[in-house]
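The structure displayed is predicted, hence computed values, not measured ones.
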Amino acid sequence: MTIRQTFLAKAALRSALLVSCLAMAAPAFAQNTTLNVAQQQDPQNLDPIDTFRLSWGSIGSNIFESLVFRGEDLELRPGLATGWEFLDDETRIRFTLREGVVFHDGEPFNAEAVKYTFDRLLGAEGSKGPQRSNYTSIREVVVVDEYTVDFLMQRPDPVLITKLAGYGAMIVPPKYIQDVGEDAFDMKPVGTGPFQVVEYTPTVGVKLAKFDNYWNGEAEVDEVNIRFIPEDATRIAELLSGGVDISMNIPTPSVETIKQNPNVDLVAVDGPTVVLTRFNTAHGITADPRVRKAITMAVDRNTIVQALLGGLASPISSAQGVKSFGNDPELEGYPYDPEAAKALLAEAGVATGTEITLDMPSNDDTFREVAQVIAAYLEQVGLKVNIRTHEQGVYFNDIIENGKTGEIYYYGWGGWTFDFDNTAYILYHTGERFNPYVSDAKLDELLDAQRQTYDRDVREVALQEVARYAHEQALDLPLYNTSTIYGVSTRVEGFDPAPDDRARYMNVTLK
């Protein structure tokens with residue numbers, strides 16, 4: 001039985017016992033219920049167009065909604081749109097909107113709100129954030145009537161419907177933003193979701209209250225108190241002591257401790273996040289593909305997954321997991337072969353004892369252990385690795401973005417669309433924000449071509465060729481696809497673990 005199956009079985013038993021007890025209990029005075037949640041990161045901004053962080057998803061998915069809904073099973077369903085159809089040779093997409101929906105401030109949801117949302121996303125305000133580039137295939141949103149809109153497309157976008165279910169595309173209220181201004185909206189936004197923002201305190205947390213006029217029912221708890229606890233040890237201590245009911249971002253070194261605690265369940269589901277070390281392909285010894293292949297062959301990924309991650313991850317041969325569209329199941333990673341690695345390094349003229357740098361963010365305890373093991377493996381083939389850490393914001397917004405890394409650098413990516421396009425374009429296309437070194441005409445051509453068609457077969461061939469080419473050139477060292485791991489108190493019922501970190505709390509109850 002898997003961890004998740006065990007959790008669900010235990011949850012079902014607890015639910016049955018709870019129903020039995022409630023049937024015998026006398027009526028009690030109602031009191032407010034508060035769900036306490038811990039997560040590692042502060043998204044730093046609650047506006048859906050101003051962030052790319054997974055830490056936003058676990059908050060924003062309770063506040064905002066989009067035209068399309070994707071559940072924990074990854075299936076796409078109607079959201080604020082009840083349906084959609086492709087027209088005019090797929091150059092126009094018509095969305096029929098849900099009636100009777102209101103924003104938290106009482107403002108009506110309608111076609112004008114949809115148009116405003118995408119005009120804002122694709123305009124000057126959206127250009128300040130990281131989400132705009134995901135939606136530039138949209139030329140214009142046209143209001144047909146109060147509950148119908150047309151998306152006029154500049155080009156095909158085969159991932160658009162999936163993207164509309166996620167980051168950046170959440171529908172926002174025109175009047176509220178115009179009244180309070182952009183800065184105020186960052187701190188206390190308004191959406192149509194089951195919870196509304198009471199207070200957001202940067203670096204501390206977010207307090208949510210259930211929205212009584214939510215169109216799709218009523219949340220089971222009255223309040224959700226989300227705390228930002230960056231230190232792994234503190235977050236786990238709060239979970240084990242009962243200070244929080246649900247903890248996200250469980251580090252693998254804490255897995256066994258949680259398993260042994262009778263008051264907490266460990267819940268793991270296959271997630272979209274991949275972890276790899278990328279190479280500086282422009283400077284230093286890693287500009288030589290022989291050196292990159294040698295480093296790849298010097299690291300035993302299977303041992304890392306089993307010994308350090310407790311099997312709660314899977315080795316990968318490209319920068320995607322098995323659930324990703326575009327994954328090639330026949331592509332095998334380079335074998336663990338330290339002798340062959342030594343030979344390649346010698347052929348490339350790399351002297352024994354040569355020093356290289358591995359850059360990483362300072363707050364990732366799990367990868368810190370992985371980095372130390374990678375350094376030990378590389379030392380066995382004659383390379384001395386200096387591990388250099390950086391504050392997380394500096395690491396992603398300066399060190400990577402501006403090409404200041406050493407020869408190797410950590411990269412983790414939550415490919416939340418479960419489509420390799422989302423990851424591969426960012427990693428390999430020339431000029432992308434998180435691609436400071438790779439510029440290859442063949443990769444650009446393949447990546448652009450698969451974005452020009454809705455034909456899944458054509459896209460799959462192109463994306464698999466991207467993965468094979470990246471493998472042949474050893475542009476990075478794919479390490480593993482992580483499980484999304486939650487720690488959940490046994491007093492929690494109704495929590496459905498999301499594989500993409502977009503935890504939703506509407507159906508959660510506390511006993």
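- Here the closest heavy-atom approach between residue Ile226 and residue Gln39 is recorded as CG2-OE1, 3.7 Å.
- Here Arg278 pairs with Asp476 under the salt bridge (Lys or Arg N to Asp or Glu O under 4.0 Å) rule; sequence neighbours left out.
- We find that Asp501 and Arg53 are not joined by a salt bridge, their nearest charged nitrogen and carboxylate oxygen being 4.0 Å or further apart.
- The existence of a salt bridge linking Asp365 and Arg368 is confirmed by a sub-4.0 Å separation between a basic side-chain nitrogen and an acidic carboxylate oxygen.
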Can Tyr486 and Phe495 be said to form a ring-ring contact (aromatic ring centres under 6.0 Å, His included), step by step? CA-CA 10 Å; Tyr486 301 86; Phe495 176 65; 5.2 Å; yes
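- Classification of Asp245 and Arg491 as a salt-bridged pair holds, one side-chain N sitting under 4.0 Å from a carboxylate O.
- Note on Glu72 versus Arg504: salt bridge recorded, some NZ/NE/NH1/NH2 to OD/OE distance being below 4.0 Å.
- Under the 3.5 Å distance criterion, the side-chain polar atoms of Arg301 are left unmatched by any main-chain donor or acceptor of Pro315.
- By the 4.0 Å N-to-carboxylate-O rule, Lys404 lies close enough to Asp398 to be salt-bridged with it.
- Residues satisfying the side-chain hydrogen bond (donor to acceptor under 3.5 Å, both in side chains) criterion with Asp457, sequence neighbours excluded, are absent altogether.
- For the pair Pro499 and Leu74, the tightest heavy-atom approach, listed with the atom from each and the gap, is CG-CD2, 3.6 Å.
- With a 4.5 Å cut-off on side-chain heavy atoms, Leu479 and Ile316 do not count as touching.
- Checked against salt bridge (Lys or Arg N to Asp or Glu O under 4.0 Å), Arg433 has the following partners two or more places apart in sequence or in another chain: Glu401.
- Asn481 places a side-chain N or O within donor-acceptor distance of the main-chain N or O of Thr273, the cut-off being under 3.5 Å.
- With hydrogens and angles ignored, the 3.5 Å screen pairs a side-chain donor or acceptor of Asn62 with a backbone N or O of Ser58.
- Checked by atom type and distance alone, the side chain of Asp300 never pairs as donor or acceptor with a backbone atom of Tyr336 at under 3.5 Å.
- Residue Phe228 comes nearest to Thr201 through the heavy atom pair CE1-O, 4.1 Å, listed as atom of the first residue, atom of the second, then distance.
- Under 3.5 Å, the side chains of Tyr200 and Asp42 contain a donor-acceptor pair of N or O atoms.
- No hydrogens or angles considered: a donor-acceptor pair under 3.5 Å links the side chains of Trp413 and Asn422.
- Between the CZ atom of Arg451 and the CG atom of Leu463 there is a distance of 10.0 Å, given to the nearest 0.5 Å.
- The closest donor-acceptor contact from the side chain of Gln452 to the backbone of Arg155 lies at 3.5 Å or more, if one exists at all.
- Counting only distance, with no hydrogens or angles, the side chain of Glu391 and the backbone of Val394 share a donor-acceptor pair below 3.5 Å.
- For Asp232, the side-chain hydrogen bond (donor to acceptor under 3.5 Å, both in side chains) test picks out Gln40, Arg235, with sequence neighbours left out.
- Judged as a side-chain hydrogen bond (donor to acceptor under 3.5 Å, both in side chains), the pairs with a partner in residues 157-169 (not counting sequence neighbours) are, in order, Ser137-Asp157, Asp157-Lys163.
- In terms of modelled atom types and a separation under 3.5 Å, the side chain of Ser483 and the main chain of Ile485 share no donor-acceptor contact.
- Remark: the backbone N or O of Arg502 is not paired with any side-chain donor or acceptor of Ser61 at under 3.5 angstrom.
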Could you go through the side-chain contact (heavy atoms from CB on, under 4.5 Å) check for Phe279 and Leu477 one step at a time? CA-CA 8 Å; Phe279 294 115; Leu477 165 54; 4.2 Å; yes
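- Partners of Ala348 according to the side-chain contact (heavy atoms from CB on, under 4.5 Å) rule, which considers only residues two or more places apart in sequence or in another chain, are Asp288, Arg290, Val291, Val350.
- A donor-acceptor pair shorter than 3.5 Å cannot be found between the side chains of Tyr334 and Ser317.
- Between Lys342 and Glu339, at least one side-chain nitrogen of the basic residue sits less than 4.0 Å from a carboxylate oxygen of the acidic one, meeting the salt-bridge criterion.
- Screening Asn225, Val197, Thr34 against Lys207 for a side chain to side chain contact (heavy atoms under 4.5 Å, CB included) leaves a single residue, Asn225.
- Under the 4.5 Å side-chain criterion, counting only non-hydrogen atoms from C-beta, Ile285 is in contact with Ile356.
- Between the side chains of Thr389 and Ser362, not a single donor N or O lies within less than 3.5 Å of an accepting N or O.
- Arg388 places no side-chain N or O within 3.5 Å of a backbone atom of Asp359 that could act as its donor or acceptor partner.
- Listed for the Thr490 side chain is no donor-acceptor partner under 3.5 Å among the backbone atoms of Val264.
- Between Glu330 and Arg468, no side-chain nitrogen of the basic residue sits less than 4.0 Å from a carboxylate oxygen of the acidic one, so the salt-bridge criterion is not met.
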